[in-house]
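Given the structure is predicted, the values throughout are model-derived calculations rather than measurements. Positions are given from 1, in the same order as the sequence printed here.
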Amino acid sequence: MRVLRPGGHLVFNDWHLVDVKAHQVFGEVLEKHRTRNPSPALARERSALATMEHFHHSLSCGTQRKLVSDAGFADVSLVNRRRRIRLRTHREFMRMRLTRLTAKREMSEMPNDQRKRFMRELTQRLQAFVVRNRFVFDWELFYISAKKPR
């Protein structure tokens, strides 16, 4: 509110990754195969991510809309959208997920045989999202728009 000029617009979008089915599958398979004895660094990352996800998931679109309104913004509106994500293959999705630092660390701390089982199961489970030779999933997000009063 403080940095926006009077009459200026605030617009942002948000999504809950844990609500996206393909990401849920990735998380379920990773949870099953990840190491039970993480390094201190990985344990800290897991803890931080769990805290962020818990906090973020509690901020529903209605809650965020109320926070913007309570901050003094006017004409607060909310628009929900479903986006269909289409990738060439499930490998693109896996590459996207596995290049994140925490996923890289998870993979590096898995024993080799466990990593192979993880990749095999993940590949198998992700086949559910293949439609006409494309990897397809829906992603729900919302936009909040508001104005700073003049």
Side-chain angles (χ1 to χ4, degrees), residues 1-4 8-73 76-131 134-146 148:
M1 177 69 92
R2 145 183 96 69
V3 297
L4 198 59
H9 289 246
L10 166 74
V11 179
F12 68 92
N13 76 314
D14 196 5
W15 61 87
H16 294 146
L17 195 58
V18 296
D19 294 335
V20 178
K21 297 285 187 223
H23 292 282
Q24 286 174 354
V25 167
F26 181 89
E28 290 166 6
V29 176
L30 180 61
E31 175 65 29
K32 178 179 174 183
H33 292 282
R34 69 186 191 173
T35 182
R36 299 299 170 224
N37 300 305
S39 66
L42 180 55
R44 282 191 303 273
E45 287 179 46
R46 285 178 179 177
S47 177
L49 285 172
T51 300
M52 283 180 8
E53 287 173 3
H54 175 74
F55 175 74
H56 187 247
H57 199 64
S58 68
L59 290 175
S60 67
C61 54
T63 301
Q64 290 189 45
R65 182 179 182 179
K66 183 175 179 344
L67 288 170
V68 170
S69 182
D70 289 352
F73 283 93
V76 180
S77 66
L78 171 82
V79 176
N80 288 301
R81 291 284 186 260
R82 175 180 293 189
R83 300 290 183 223
R84 177 141 293 170
I85 309 300
R86 292 175 183 87
L87 303 172
R88 284 181 295 219
T89 69
H90 71 283
R91 286 185 175 80
E92 286 186 24
F93 176 78
M94 289 171 63
R95 190 174 21 246
M96 176 180 69
R97 291 306 313 263
L98 293 171
T99 56
R100 295 178 65 196
L101 184 59
T102 301
K104 281 183 178 181
R105 192 180 311 268
E106 290 281 3
M107 294 290 287
S108 72
E109 293 194 20
M110 279 182 203
N112 193 40
D113 59 329
Q114 192 72 6
R115 189 176 319 111
K116 287 178 182 177
R117 285 193 297 271
F118 165 73
M119 293 298 285
R120 209 170 22 250
E121 182 176 346
L122 183 58
T123 298
Q124 178 186 5
R125 298 259 324 261
L126 291 177
Q127 291 306 307
F129 299 93
V130 175
V131 177
R134 294 274 191 213
F135 186 79
V136 180
F137 61 96
D138 292 334
W139 195 315
E140 304 244 356
L141 53 131
F142 61 89
Y143 299 87
I144 292 181
S145 174
K148 181 176 180 177

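In plain terms, the two heavy atoms of L98 and K104 that are nearest each other are O-CG, 3.3 Å. Between S39 and R105, the closest heavy-atom pair is OG-CD, 4.4 Å. Here the closest heavy-atom approach between residue E92 and residue R88 is recorded as OE2-NE, 2.6 Å. Of all non-hydrogen atoms in M107 and R115, the two that sit nearest each other are O-NE, 2.9 Å. The nearest pair of heavy atoms linking L126 to A22 is CD2-O, 4.3 Å.
A distance of 10.0 Å separates CD in E28 from CD in E31, rounded to the nearest 0.5 Å. Here R97 contributes atom CZ and L122 contributes atom CG; the two are 9.5 Å apart, rounded to the nearest 0.5 Å. Taken from CZ in R134 to CZ in R84, the straight-line distance is 14.0 Å, to the nearest 0.5 Å. Between the CD atom in E45 and the OG1 atom in T102 there is a gap of 4.0 Å [rounded to 0.5 Å]. To the nearest 0.5 angstrom, Q64 atom CD is 13.5 Å from S69 atom OG. Annotation: the span from K66 atom NZ to T63 atom OG1 amounts to 9.0 Å, rounded to 0.5 Å.
Partners of N37 according to the side chain to side chain contact (heavy atoms under 4.5 Å, CB included) rule, which considers only residues two or more places apart in sequence or in another chain, are T35. Applying the side-chain hydrogen bond (donor to acceptor under 3.5 Å, both in side chains) criterion to T89, with sequence neighbours excluded, gives no partner residue. For T123, the side chain to side chain contact (heavy atoms under 4.5 Å, CB included) partners at least two apart in sequence or on another chain are H90, M94, Q127. Under the rule for a side-chain hydrogen bond (donor to acceptor under 3.5 Å, both in side chains), K116 has no partner lying at least two apart in sequence or in another chain. Judged as a side-chain hydrogen bond (donor to acceptor under 3.5 Å, both in side chains), and not counting sequence neighbours, N13 has no contacts. Residues passing the side chain to side chain contact (heavy atoms under 4.5 Å, CB included) test with I85, sequence neighbours excluded: R83, L87, F137, W139. Residues forming a ring-ring contact (aromatic ring centres under 6.0 Å, His included) with F73 (at least two apart in sequence, or on another chain): none. For R46, the salt bridge (charged side-chain N to carboxylate O under 4.0 Å, His left out) partners two or more places apart in sequence, or in a different chain, are E106. Remark: R44 engages P40, A41 in a side chain to side chain contact (heavy atoms under 4.5 Å, CB included) (not counting sequence neighbours). For Q124, the side-chain hydrogen bond (donor to acceptor under 3.5 Å, both in side chains) criterion is met by no residue, not counting sequence neighbours.
Residue pairs meeting the ring-ring contact (aromatic ring centres under 6.0 Å, His included) criterion with at least one member in residues 94-116: none, sequence neighbours excluded. The ring-ring contact (aromatic ring centres under 6.0 Å, His included) pairs that include a residue from residues 31-50 number zero, where partners must be two or more places apart or lie in different chains.
Side chain of E121 to main chain of V29: no donor-acceptor pair is present (N/O by atom type, distance under 3.5 Å, no hydrogens or angles). Formation of a donor-acceptor pair under 3.5 Å by the K148 side chain with backbone atoms of M1 is found in this model.
The environment of R2 atom CZ is sparse: at most 12 non-hydrogen atoms of other residues, nucleotides or ligands sit within 6.0 angstrom.
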